[in-house]
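When a ligand or atom number is given, it counts from 1 through the structure's own listing order.
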Amino acid sequence: MNGRLNVNFVGCSLIIFILIIYVNIFYECGKKVIYYNVRKRISINDDWRFFKYPSREKADSLVYDLFQFMYKSKKDEIDVAKLAGFKNFNSFQFILKPWVTPTGNEFIKDSSRHYKRPKDNPSSNFPFVLLDYDDSNWEIVDLPHDWAINGPFFTGPNPEVGGSMGRLPSPGVGWYRKKIFIPESDSGKCIFLEIDGAMSYTIVWVNGNVAGGWPYGYASWYLDITKYIKWGDENLIAIRLDNPPNSSRWYPGGGIYRNVWLTKTNPVHVSHWGTFVVTPEVSRDFANVRIEVCIQNDSNREADVYVKTDIHYFDPLRKIVREKVASFKPIEMKILPGSREKIESSTIVEKPKLWGPPPEQYPHQYIAVTTLWEGSKIIDKFETPFGIRHIRFDPDSGIFVNGELVKIKGVNLHHDLGPLGTAFNLRAAERQLEILREMGCNAIRTAHNPPAPELLELTDRLGFLVIDEIFDCWEIGKTTYDFHLIFPEWYEQDLRAFIRRDRNHPSVIIWSIGNEVGEQYTGESGVEIAKRLYRIVKEEDPSRPVTCAMNWAKPYVPLPAVMDVIGLNYQGEGIRQDPEFEGTDKIRTPPQYEPFHKQFPEKVILSTETAASLSSRSVYLFPVTNKVSDFVRDGRGGDSKIRHVNAYELYAADFGASPDKVFASIDRHPFVAGQFVWSGWDYLGEPTPYYESRSSYFGIIDLAGFKKDRFYLYQSKWRPDYPMAHILPHWNWPDRIGKITPVHVFTSGDEAELFLNGKSLGRKKKGRFEYRLRWDSVRYEPGELKVVTYKDGRKWAEDIVRTTGEPYRLIAKADRNKIKADGKDLAFITVRIADEEGYTVPDANNKVNFHIEGPGEIVATANGDPTDFTPFPSKSRKAFNGLVLCIVKSKKGIPGRIKVVAESEGLKKAKVIIEIKN
Ligand code: GAL
């Protein structure tokens with residue numbers, strides 16, 4: 001045996017691993033190696049049949065649990081049951097929870113609490129779960145799929161779905177069906193269905209058998225469906241989702257909105273999420289790398305296996321496994337039938353290339369390739385990408401990555417991708433991060449749920465630091481049908497699965513077990529829950545600290561003491577300290593950085609949420625506050641008739657603060673590790689302060705991806721070495737001639753001179769804890785505003801804003817002119833309404849129509865206006881303040897050229913050509 005095992009099948013450099021190798025004989029480095037049907041992970045995203053009931057009242061009753069009965073009357077239940085062909089109706093026969101809960105057993109530590117699947121198979125005659133049910137009139141969809149994003153929006157005073165959930169039809173009951181042929185040659189294999197995320201209360205049937213499911217819509221999970229498979233035959237996978245109303249404080253989306261996979265392994269294989277790599281000791285000279293591998297024997301015979309893991313340098317962009325840099329000592333072991341064994345081993349990587357955030361560092365990655373042998377055969381091969389990095393949490397200065405202090409310049413992100421909804425798209429997520437990176441952002445908090453797995457692949461690759469967060473509530477709910485309903489039954493499974501899934505990502509540096517949970521208020525009983533969650537995290541990953549984001553808990557209440565890192569939402573700056581909030585029953589909190597630092601001198605303090613600033617891109621309302629931060633009221637930063645908030649970037653939610661105020665409070669407390677701004681991008685839902693709208697005003701970047709002025713304020717602070725200057729407002733004010741029209745400048749310089757039509761309006765210097773330069777008494781006259789900025793006395797950067805002419809033509813530009821013909825890649829085309837000289841007309845709202853020719857489709861349009869109820873797929877949309885976006889997707893396997901034409905009545909049209917490459 002050893003003779004064969006000495007074969008170093010990856011000994012040659014630069015080998016691309018192709019995991020879909022079935023009984024193949026390879027000659028590598030001159031030696032013979034047999035791959036025996038190693039694992040295959042197949043995307044099964046394409047070609048599903050989809051059906052959603054027109055209303056919950058008309059839906060079937062195959063619910064997860066009793067609370068879902070609350071949605072309708074008992075009588076309806078019986079009628080629907082009869083219609084569906086059930087004889088001897090008994091409501092309990094429709095509660096499928098007992099068949100779903102066993103799916104999570106693997107994540108319940110105490111095996112005496114494992115759920116037993118009942119013997120019978122209810123609903124096996126329900127038409128949708130049967131192979132021969134005729135679903136030809138169901139919609140054909142590819143996953144990831146968000147069933148609600150196409151709208152229409154619910155408008156008006158008593159909408160079915162209100163502003164907080166984005167006014168889109170995300171609640172409801174829907175089904176997905178797909179037939180999959182499993183060849184005879186697979187018999188003897190294990191077949192797993194992996195679902196990266198489905199919203200929500202998912203129940204899966206395979207060939208008429210309830211195979212399991214998972215309620216939490218943000219969880220990634222998997223099912224062993226081997227026993228239901230018909231080999232050499234078509235197999236039907238039927239999936240039912242049930243998305244409750246009032247289940248979320250933001251737009252949750254609906255449907256199977258992330259990737260779905262079928263994984264085939266040999267019966268003896270590395271378990272799902274079965275590896276864990278940590279780097280307990282890291283220096284520039286060497287790194288101690290430790291791996292834990294869990295091997296599972298699903299066969300009915302004992303197995304003698306030999307496990308070997310090699311570490312290679314990894315190029316994540318091209319998914320190329322490069323040279324081998326180290327190996328773990330191989331281990332031989334016996335695994336009893338039906339059991340799992342964990343092995344642990346350590347090795348040294350010499351002169352490691354460290355993972356760290358740009359621009360100072362580079363996110364190098366490695367990959368651990370675990371090979372499992374049984375006798376002469378390779379029976380499994382499992383890859384674990386990871387990074388070598390060292391993180392130190394210093395309570396007096398913040399977070400050190402590989403010995404360098406990295407102040408957290410972070411943002412919160414919700415999971416939706418604006419006009420594309422929640423259906424995960426790699427390019428759309430990458431674009432979000434790229435624009436944030438341009439601003440100088442180096443960290444993301446996944447508010448308030450596990451993200452798509454690919455988001456963390458992106459943060460690994462691009463070098464963002466991540467707070468990976470799991471829950472928005474524990475036992476105390478925030479909405480009627482949110483996670484609190486199932487918290488007691490599912491928190492352990494969700495938490496362990498989440499950590500096992502994400503713990504190898506170098507970008508994840510902190511686990512967050514909750515956001516603003518109600519248990520902040522419940523003293524010791526809340527703490528008991530927090531401790532339970534904390535213990536679970538430490539059992540699954542002792543290497544990272546735990547936090548929870550607290551908007552109320554004070555240093556003297558018991559909850560913060562449980563956390564390793566103090567996560568504060570808005571408390572650092574203080575909440576509602578202005579006299580106008582005196583006597584209200586709302587949270588009022590004096591600034592809390594000092595008291596927390598004093599109480600917990602050994603803990604790092606991080607602002608998990610700051611700002612909650614509000615603005616509508618390019619909407620300037622007068623008068624402008626002369627304060628540094630103010631709240632939105634009619635006539636004071638807001639206008640409830642048009643539902644827009646002033647873009648001078650001085651306004652915030654009542655509990656929040658302007659970016660300027662936040663910067664000052666963090667700079668005054670250098671021990672604070674940094675901040676996560678609420679929020680990086682606008683998102684669907686939570687349209688504070690105007691709930692008649694459909695998307696937020698909090699974003700630094702609007703829902704279409706256009707930069708609000710705030711972008712430049714953060715850039716000026718977060719990229720101090722990048723010469724930039726930005727003037728606001730725009731300079732098209734025919735009705736303001738002679739009126740006071742303040743001019744503000746954001747710059748990474750420290751001084752600036754402003755000119756109006758060539759005449760100096762004075763040179764100003766930033767004071768200590770000042771982040772903008774303001775000329776508050778400028779009287780408007782049309783023409784040109786120019787700013788010349790200085791840094792340390794030297795010229796630094798300039799910006800010019802001009803009064804433009806009338807809209808004359810459209811100018812279109814794509815973010816990329818070449819995209820992949822994979823049916824997923826996107827081009828984001830920005831169309832500007834320009835005057836004759838090509839300047840964007842900043843208040844133009846012309847309607848633009850888009851046409852496409854060639855192998856692509858227009859999937860959505862957007863303009864960043866939270867009040868726009870035109871459905872996102874519409875090919876015709878009004879510009880919002882000079883800009884409109886068109887999103888084009890390639891078609892799978894069809895290369896060629898796409899031409900997109902943008903037209904608007906009375907204006908010269910524009911076109912863009914995009915190359916589609918295989
Ligand atoms: C916070 C909350 C976020 C978001 C934000 C802005 O309190 O954690 O989820 O709601 O306020 O309203």
Side-chain angles (χ1 to χ4, degrees), residues 162-166 218 246-253 410-416 422 444-451 467-474 476-479 482-484 512-521 547-553 559 563 566-576 581 586-589 592 606-616 629 631-632 637-638 645 651-659 661-662 675-691 693-703 708 710 866:
S164 71
M165 278 174 61
Y218 295 104
N246 298 323
S247 62
S248 178
R249 299 186 300 112
W250 56 86
Y251 174 67
V411 301
N412 284 275
L413 282 186
H414 266 313
H415 72 313
D416 74 69
T422 57
I444 303 293
R445 171 170 172 245
T446 67
H448 305 293
N449 43 258
I467 294 189
D468 203 359
E469 182 158 87
I470 180 162
F471 298 130
D472 191 43
C473 68
W474 298 343
I476 301 173
K478 295 182 179 174
T479 60
D482 66 20
F483 191 75
H484 79 278
S512 168
I513 54 177
N515 173 59
E516 299 186 352
V517 293
E519 284 78 358
Q520 289 175 100
Y521 304 89
T547 195
C548 85
M550 299 173 288
N551 66 329
W552 179 83
L559 188 74
M563 305 302 149
I566 302 292
L568 299 182
N569 285 8
Y570 312 104
Q571 297 205 64
E573 294 69 51
I575 299 174
R576 295 190 185 87
F581 296 111
K586 297 279 166 52
I587 296 177
R588 298 192 70 217
T589 308
Q592 290 297 306
L606 191 54
S607 259
T608 30
E609 278 179 44
T610 56
S613 302
L614 299 163
S615 58
S616 306
S629 182
F631 313 104
V632 180
V645 183
Y651 299 89
D654 286 4
F655 54 83
S658 69
K661 186 171 165 190
V662 175
Q675 63 164 322
F676 288 86
V677 178
W678 191 272
S679 62
W681 280 59
D682 270 330
Y683 50 94
L684 294 163
E686 211 183 33
T688 308
Y690 304 122
Y691 273 68
S693 300
R694 46 77 162 154
S695 53
S696 78
Y697 298 77
F698 289 116
I700 300 171
I701 297 155
D702 75 18
L703 202 77
K708 299 185 188 172
R710 225 183 307 155

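At a cut-off of 3.5 Å, with distance as the only test, no side-chain donor of E469 or N515 sits close to an acceptor on the other residue. Side-chain contact, S679 with N412: no donor N or O sits under 3.5 Å from an acceptor N or O. A donor-acceptor pair shorter than 3.5 Å cannot be found between the side chains of S512 and R445.
A salt bridge links D472 to K478: one of the charged nitrogens lies within less than 4.0 Å of a carboxylate oxygen.
With sequence neighbours left out, the salt bridge (charged side-chain N to carboxylate O under 4.0 Å, His left out) criterion links E686 to R249.
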Subject >> Full working for ring-ring contact (aromatic ring centres under 6.0 Å, His included) between F581 and F631 >> reply: CA-CA 11 Å; F581 296 111; F631 313 104; 4.9 Å; yes
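Around ligand 1 you find R249, H448, N515, E516, N569, Y570, E609, F655, W678, E686, F698, each with a heavy-atom distance below 4.0 Å.
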